[in-house]
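Each remark here refers to the structure printed beneath this line.
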Amino acid sequence: MRTLKSLVIGACAGMALALAALAPAAAAETESSMARGARLYDKWWAENKAAKPTGDHPAYPVKGGKYGGDASWRCKECHGWDYKGKDGAYAKGAHASGIKGIQGAAGKDPAAIAAVLRDKSHGYTETQLSAADASDLALFVSRGQGQLAKYLAADNKVKGDGARGEAYFNTLCAGCHGQDGKKVKDGPPLGSVADNGAEMMHKLLNGQPGEAMPALRALDHQTAADIAVHLVKLPAK
Ligand code: HEC
Ligand code: HEC
């Protein structure tokens, strides 16, 4: 026969188990993985130091195009800075390739997205993108695309407060880039690339592949938008 004491102990143990099941697991920080995934999306071999690919990507349809060769292996070349592919800024012009965006994959199971990267359309090898790389990319595609439309006007210009952006830029960025955006000598003056709003949001939220540049995605994304508005005012040369 079970004693009262053993019953009480049993009930307590049961309650502790039930509580443990209810308590949230310590949430792992994922912003940095999403930022890294986004930098791989930008130019994976600059980020993971894999060999630069050669020849056109097998799925790149524009034969002899200006953005063939290694450029055609960048996710952004087929799917766009705005993640909308043929339905976004790459609908026309030299970057047009007729490929759909990745927006439809937002919210999908990251494991299924990682598998897409090994499929026949993509064919990325483990040497090009390791399992860890594919996992960061998938996390970005699934959960990191954010609400770009909230910050971008239809003409691909960013909406924000340029005066706030100036203070952010001069304190966070000018150490490397200079207040005029011209101090990094191996890159273009920031004022000369600033008119591509979707690209600026992508780079400001996630950083520059292979560089020690900060990623702002853990902050309110309006911070990146405000800076992007300021960048347009910097000298283009
Ligand atoms: C050379 C062009 C090309 C490149 C580069 C490319 N993709 Fe794709 N991607 C495609 C094509 C083609 C499809 C299939 C579209 C369809 O089903 O109509 C696709 C589909 C996808 C999908 C599924 C979209 C959906 O809505 O189901 C995801 C996610 C994706 N690609 C992610 C990536 C990532 C991440 C990279 C970079 C590592 C990448 N792609 C590089 C051509 C490309
Ligand atoms: C630790 C130094 C460092 C800091 C801090 C930094 N950057 Fe950068 N950034 C770089 C380097 C290096 C590059 C690569 C230049 C190149 O090769 O194009 C770069 C590239 C860029 C580019 C892409 C230019 C292009 O090639 O299209 C943009 C945009 C940019 N930075 C904006 C910013 C902004 C905005 C901030 C502040 C939030 C910032 N950076 C902070 C070092 C830095």
Side-chain angles (χ1 to χ4, degrees), residues 37-48 53 56-62 65 67-68 70-81 83-86 90 97-110 112-124 128-129 133-134 136-142 144-145 165-166 168-178 181 183-197 199-217 219 223-232 234:
R39 292 193 299 275
L40 291 165
Y41 181 91
D42 178 336
K43 196 193 240 186
W44 47 270
W45 62 92
E47 179 66 22
N48 69 3
D56 286 0
H57 186 288
Y60 191 64
V62 192
Y67 298 101
D70 57 289
S72 69
W73 290 79
R74 296 170 75 180
C75 314
K76 80 94 197 163
E77 194 52 50
C78 289
H79 298 299
W81 290 117
Y83 320 136
K84 289 178 176 170
K86 65 181 166 58
Y90 287 180
S97 64
I99 292 167
K100 76 169 182 183
I102 53 162
Q103 280 189 329
K108 295 237 168 91
D109 173 17
I113 297 173
V116 165
L117 305 181
R118 313 285 184 208
D119 74 8
K120 244 180 75 208
S121 296
H122 291 93
Y124 290 103
Q128 293 174 315
L129 296 174
D133 294 340
D136 286 349
L137 271 160
L139 202 61
F140 162 66
V141 171
S142 174
Q145 296 187 49
E166 179 172 20
Y168 296 144
F169 182 83
N170 289 351
T171 52
L172 291 167
C173 321
C176 288
H177 286 286
K183 198 171 153 190
V184 175
K185 290 300 173 206
D186 57 352
L190 295 183
S192 73
V193 293
D195 58 342
N196 188 340
E199 176 179 358
M200 290 302 107
M201 286 302 286
H202 184 92
K203 287 187 183 281
L204 271 47
L205 290 173
N206 304 299
Q208 176 79 349
E211 303 291 356
M213 184 167 125
L216 303 179
R217 75 159 44 244
L219 307 178
T223 308
D226 292 346
I227 297 175
V229 170
H230 172 65
L231 293 184
V232 178
L234 296 179

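In this chain, numbering begins with 1 at the start of the sequence shown. One-based numbering, in listed order, for ligands and for the atoms of each.
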*Could you tell me whether the side chain of E77 and the main chain of Y60 form a donor-acceptor pair under 3.5 Å?*
no
*Which atoms from ligand 2 have a heavy atom of P214 less than 4.0 Å away?*
4 (C), 5 (C), 6 (C), 41 (C)
*Using non-hydrogen atoms of the residue, decide whether P188 is closer than 4.0 angstrom to ligand 2.*
yes
*Taking W44 for its side chain and C75 for its backbone only, find out whether a donor-acceptor pair lies under 3.5 Å.*
no
*Atoms in ligand 2 with a heavy atom of M200 nearer than 4.0 Å*: 29 (C)
*Verify the distance criterion only: is there a donor paired with an acceptor across the side chains of H202 and Y83 at less than 3.5 Å?*
yes
*G210 backbone acceptor or donor facing R39 side chain under 3.5 Å*: no
_Beyond-backbone contact of D70 with W45, side-chain heavy atoms, under 4.5 angstrom_ = yes
*Which residue supplies the protein heavy atom nearest to atom 17 (O) of ligand 2, what is that atom called, and how far is it?*
D186 O, 3.5 Å
*Taking S72 for the side chain and H57 for the main chain, is one N or O donor matched with an acceptor at less than 3.5 Å?*
yes
*Are the side chain of S142 and the backbone of K108 linked by a donor-acceptor contact shorter than 3.5 Å?*
yes
*With atoms numbered from 1 as shown, which atoms in ligand 2 lie under 4.0 angstrom from a non-hydrogen atom of L172?*
5 (C)
*Heavy-atom distance to atom 41 (C) of ligand 1: which of F140, Y124, W73 wins?*
Y124
*Side-chain contact, heavy-atom cut-off 4.5 Å: Y67 with R74?*
no
*Does the K183 side chain pair with the main chain of G175, one donor and one acceptor, at a distance under 3.5 Å?*
yes
*Nearest heavy atom to atom 29 (C) of ligand 1: which of A114, G68, A105, G123 does it belong to?*
A105
*If you measure from each non-hydrogen atom of P58 to ligand 1, which part falls under 4.0 Å: side chain, backbone, both or neither?*
neither
_Quick check: closest heavy atoms across A138 and A114, and the distance to 0.1 Å?_
CB-N, 3.8 Å
*Report the part of W44 (side chain from C-beta onward, or backbone N, CA, C, O) that has a heavy atom under 4.0 Å from ligand 1; answer both or neither where that applies.*
neither
*Give the atoms of ligand 2, by number and element, whose distance to some non-hydrogen atom of I227 is under 4.0 Å.*
35 (C)
*What is the nearest protein non-hydrogen atom to atom 16 (C) of ligand 1, stated with its residue, atom name and distance?*
K100 CE, 3.8 Å
*Could you tell me if any non-hydrogen atom of Q103 lies under 4.0 Å from any atom of ligand 1?*
no
_For Y60, the ligand 1 atoms whose distance to one of its heavy atoms is below 4.0 Å_ = 1 (C)
*Within a distance under 4.0 Å of any heavy atom of S72, pick out the atoms of ligand 1 and give their elements.*
1 (C), 5 (C)
*Mark yes or no for whether R118, through its side chain, and A134, through its backbone, hold a donor-acceptor pair below 3.5 Å.*
no
*Of all the heavy-atom pairs spanning F169 and G178, show the shortest one and how long it is.*
CE2-O, 3.3 Å
*Give a yes or no answer on whether the side chain of D42 reaches the backbone of Q208 with a donor-acceptor pair at less than 3.5 Å.*
no
*Specify the closest pair of heavy atoms between Q145 and I102, including all atoms of both residues, with the distance to one decimal.*
NE2-O, 3.0 Å
*Tell me, which protein N/O/S atoms are under 2.8 Å away from atom 8 (Fe) of ligand 1?*
H79 NE2, H122 NE2
*Could you count the protein N, O or S atoms found under 2.8 Å away from atom 8 (Fe) of ligand 2?*
2
*asked:* With rounding to the nearest 0.5 angstrom, report the CD to CG distance, Q128 to L117.
replied: 11.0 Å
_Show, in sequence, the C-alpha distance, side-chain angles and deciding distance for Q103 and K84, and conclude whether the side-chain hydrogen bond (donor to acceptor under 3.5 Å, both in side chains) test is met._
CA-CA 6 Å; Q103 280 189 329; K84 289 178 176 170; 5.5 Å; no
